[in-house]
Amino acid sequence: SGAAFTLQLRPDGAIGGVPFGDSWTWKQDGDSVELHYANRLGRTVARRGTLVTADSIAGTATSSAGGRWTWTAERLP
């Protein structure tokens with residue numbers, strides 16, 4: 001299991017609640033959601049997911065270093 005963290009997806013496409021927030025963005029097209037960000041080492045990550053329910057997302061991610069993994073997200077109350 002990977003690291004857990006809390007994000008705030010803002011209506012303007014920015015992501016809050018993370019360090020280096022200006023390099024984190026997101027967009028939604030129907031049931032598809034994409035998050036893009038850079039880590040502290042300057043490598044980039046793209047997370048692509050699908051709304052499973054109104055409150056959860058599941059998908060896959062890739063990094064510029066060649067990593068691939070699955071991920072999930074849930075809306076917090």
Side-chain angles (χ1 to χ4, degrees):
S1 129
F5 48 94
T6 302
L7 304 175
Q8 178 187 46
L9 303 179
R10 297 181 180 159
D12 65 355
I15 297 177
V18 294
F20 312 110
D22 57 340
S23 66
W24 292 56
T25 61
W26 76 284
K27 65 181 178 178
Q28 180 178 356
D29 183 9
D31 287 346
S32 297
V33 178
E34 290 188 24
L35 290 81
H36 296 271
Y37 57 92
N39 66 19
R40 293 179 185 164
L41 301 174
R43 299 203 172 149
T44 58
V45 173
R47 292 178 181 246
R48 293 172 182 84
T50 302
L51 293 172
V52 178
T53 69
D55 295 325
S56 64
I57 304 168
T60 58
T62 57
S63 74
S64 60
R68 294 183 179 277
W69 63 96
T70 59
W71 64 279
T72 60
E74 295 180 9
R75 181 188 311 255
L76 297 176

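In this text the structure is predicted, and so the values were computed from the model without any measurement.
Residue pairs that meet the ring-ring contact (aromatic ring centres under 6.0 Å, His included) test with at least one member in residues 33-63, sequence neighbours left out, are Trp24-Tyr37. Residue pairs meeting the salt bridge (charged side-chain N to carboxylate O under 4.0 Å, His left out) criterion with at least one member in residues 59-72: none, sequence neighbours excluded. Among pairs with a residue in residues 24-36, none fulfils salt bridge (charged side-chain N to carboxylate O under 4.0 Å, His left out), at least two apart in sequence or across chains.
When every heavy atom of Ala61 is checked against every heavy atom of Arg47, the shortest pair comes out as CB-CG, 3.7 Å. The two atoms that bring Val33 and Trp26 nearest to each other are CG1-CE3, 4.3 Å, heavy atoms only.
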Next item on the list: Please lay out, stage by stage, how Thr62 and Val45 fare under the test side-chain contact (heavy atoms from CB on, under 4.5 Å).
Entry: CA-CA 6 Å; Thr62 57; Val45 173; over 6 Å; no
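The shortest side-chain heavy-atom distance between Leu35 and Thr25 does not fall under the 4.5 Å cut-off.
Residues that satisfy the side chain to side chain donor-acceptor pair (under 3.5 Å) test with Gln28, not counting sequence neighbours, are absent from this structure. The side chain to side chain donor-acceptor pair (under 3.5 Å) check on Thr6 picks up nothing, with sequence neighbours excluded.
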Distance-only criterion, 3.5 Å: show the donor-acceptor pairs between side-chain atoms of residues 49-60 and protein atoms not counting sequence neighbours.
residue	atom	partner	partner atom	Å
Thr53	OG1	Asp55	N	3.1
Thr53	OG1	Ser56	N	3.2
Thr53	OG1	Ser56	OG	2.9
Asp55	OD1	Arg75	NE	2.8

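Under the 4.5 Å side-chain contact rule for hydrophobic residues, Phe5 and Trp71 share a cluster.
No donor-acceptor pair closer than 3.5 Å links the side chain of Ser64 to the backbone N or O of Arg43.
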